[in-house]
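For reference, the structure discussed in these notes is given below.
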Number of protein chains: 2
Amino acid sequence: MSDTKQRLLDGAIAAIREHGIAGVSARTIAAAAGVNQALVFYHYGTVDDLLTAACQAGTAERVAHWSTRLAEVRSLRELLDVGRALHEQEQELGNVSFLAQMLAGAQSDERLAAPTGAALQLWVDEIESVLRRLLAGSPFAEIADVAGLARAVSAAFIGLELYGGVDRDGMERAMSALDQLAVLIEIVDDLGPIARRALQGKITRATRRS
Amino acid sequence: MSDTKQRLLDGAIAAIREHGIAGVSARTIAAAAGVNQALVFYHYGTVDDLLTAACQAGTAERVAHWSTRLAEVRSLRELLDVGRALHEQEQELGNVSFLAQMLAGAQSDERLAAPTGAALQLWVDEIESVLRRLLAGSPFAEIADVAGLARAVSAAFIGLELYGGVDRDGMERAMSALDQLAVLIEIVDDLGPIARRALQGKITRATRRS
DNA sequence: GTCTATAGCTGGATAGAC
DNA sequence: GTCTATCCAGCTATAGAC
């Protein structure tokens with residue numbers, strides 16, 4: 001990977017972070033990367049292809065970076081702490097914001113849909129494996145669809161990131177509320193087998209209805 | 001409100017829905033509205049001002065529409081059902097998608113930030129009032145930050161909408177998982193006073209730490 | 001209020017010098 | 001590989017006819 005190609009990848013993330021999907025262009029990317037505008041097309045063909053590459057490479061790098069730390073998590077509360085730290089640090093680096101903007105663009109640009117979905121899937125897989133490990137042996141694993149939960153967590157991260165852009169205090173309150181809610185999961189572990197079975201039936205009935 | 005002004009408001013929502021915040025313009029809006037492009041500027045001054053007006057009027061109308069139905073909800077499970085119906089219908093009308101795109105644009109266009117935040121707040125207030133009514137007298141109200149929960153729900157709606165654009169099946173699974181999770185709230189009502197107090201202390205300790 | 005026409009600008013993409 | 005120069009499309013916004 002040549003220096004220029006890497007600078008363009010970093011520049012793409014920086015440009016989207018600064019100008020959003022609506023304001024990103026070969027010129028804004030080149031300016032952020034400190035290279036000539038024509039090099040975008042020489043190295044990547046089109047702006048979309050560069051965004052695709054940046055999405056793939058950037059997300060893979062961040063997921064790999066957090067993967068080791070997530071592998072050390074031993075409880076749901078620890079996971080919440082790591083999740084908060086992850087959110088804060090990625091927000092500074094702009095990767096959550098980058099993914100959110102790509103996702104917004106992917107809604108109407110089908111060339112962005114596949115790479116954005118694949119990048120998000122990297123996070124989903126990582127979160128799912130952590131949740132599955134933590135909930136192994138827990139009664140909650142029998143009740144919950146862990147794969148669905150991992151997707152919900154990922155989607156909520158995106159939504160909270162965007163919401164924080166127009167109401168930072170509101171986002172903080174929302175995250176604290178989710179912390180409280182997540183602790184509810186832990187109480188299931190404290191239930192006896194009879195109460196647990198009753199809960200399980202309750203959830204099955206409730207979700208089958210809708 | 002003249003016919004043309006209303007057509008432009010509807011056209012703005014339709015254009016954002018079709019082309020996203022990155023592809024919306026006076027021309028695409030005028031085409032969707034079936035009017036001349038110059039009328040955008042005659043009636044609203046700038047494209048941003050038109051988007052602002054569409055955001056305000058469109059969201060106020062949809063919130064008012066659902067407000068009556070939400071007022072009839074009597075349980076959390078009913079609320080989940082209404083929430084699903086709301087998501088499906090608004091997805092067809094494009095209002096959730098519109099808000100998501102506005103939110104994405106608001107991250108880097110400060111002129112969109114205030115109106116988008118205000119529009120989202122209309123949903124937050126509505127959800128908060130329903131939650132507060134449903135949880136009145138419930139032990140969960142003593143534990144939870146209802147205002148934070150309402151914000152989390154709103155943000156999650158946005159995130160799920162965007163996620164659904166790149167992985168529809170994944171979004172469905174995520175929503176089902178959230179259904180399961182929401183039922184957990186109901187079990188708190190079944191707890192006796194001692195278990196409830198223990199839970200409350202547990203949540204307080206867990207959230208104070210982070 | 002609505003239309004045409006257009007000025008002035010920015011964007012994607014390419015050709016060709018170096 | 002990198003640069004300058006440039007074409008052409010599409011954009012905001014306005015002027016002026018109707």
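Throughout, a chain's letter reflects where its sequence line sits, starting with A, and its residues are numbered from 1. Owing to the predicted nature of the structure, the values given are computational and were not obtained by experimental measurement.
- The pair R84(A)-D179(A) counts as a salt bridge, with a side-chain nitrogen and a carboxylate oxygen less than 4.0 angstrom apart.
- Separating the CD1 atom of I21(B) from the P atom of dC11(D) is a distance of 14 Å, rounded to the nearest angstrom.
- No hydrogens or angles considered: a donor-acceptor pair under 3.5 Å links the side chains of S67(B) and E126(B).
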Which atom pairs, one a donor and one an acceptor, fall under 3.5 Å between side chains of residues 24-31 of chain B and the rest of the protein, sequence neighbours left out?
| residue | atom | partner | partner atom | Å |
| --- | --- | --- | --- | --- |
| S25(B) | OG | R27(B) | N | 3.3 |
| S25(B) | OG | T28(B) | N | 3.2 |
| S25(B) | OG | T28(B) | OG1 | 3.4 |
| T28(B) | OG1 | S25(B) | N | 2.8 |
| T28(B) | OG1 | S25(B) | O | 3.0 |

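- The distance from atom CG of L39(B) to atom C1' of dA13(D) is 13 Å, rounded to the nearest whole Å.
- Residue H43(A) contributes atom NE2, which lies 6 Å from atom C1' of dG1(D) at whole-angstrom precision.
- Contacts classified as ring-ring contact (aromatic ring centres under 6.0 Å, His included) and involving residues 47-70 of chain B (residues at least two apart or in different chains) are not found.
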Between side-chain atoms of residues 153-166 of chain A and protein atoms elsewhere (two or more places apart, or another chain), which donor-acceptor pairs fall under 3.5 Å?
| residue | atom | partner | partner atom | Å |
| --- | --- | --- | --- | --- |
| S154(A) | OG | A150(A) | O | 2.9 |
| Y163(A) | OH | D167(A) | OD2 | 3.2 |

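- The CD atom of Q6(A) sits 14 Å away from the P atom of dG1(D) (whole-angstrom rounding).
- Less than 4.0 Å separates DNA chain C from no heavy atom of any residue of residues 8-18 of chain B.
- The separation between M1(B) atom CE and dG1(C) atom C1' is 16 Å, rounded to whole Å.
- The residue T4(B) sits close only to the backbone: its heavy atoms come under 4.0 Å of sugar-phosphate atoms, none of a base.
- Heavy-atom contacts from other residues, nucleotides or ligands closer than 6.0 Å to CZ of R111(A) number 12 or fewer.
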Nucleotide by nucleotide, nucleotides 4-18 of chain C touches protein heavy atoms under 4.0 Å in the pattern (B base, S sugar-phosphate only, - none) B------BBBB----
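- In plain terms, the two heavy atoms of A177(A) and L149(B) that are nearest each other are CB-N, 3.4 Å.
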Return all side-chain donor-acceptor pairs below 3.5 angstrom for residues 14-22 of chain A, not counting sequence neighbours, or 'none' if the list is empty.
| residue | atom | partner | partner atom | Å |
| --- | --- | --- | --- | --- |
| R17(A) | NH1 | Q91(A) | O | 3.2 |
| R17(A) | NH2 | E92(A) | O | 3.4 |

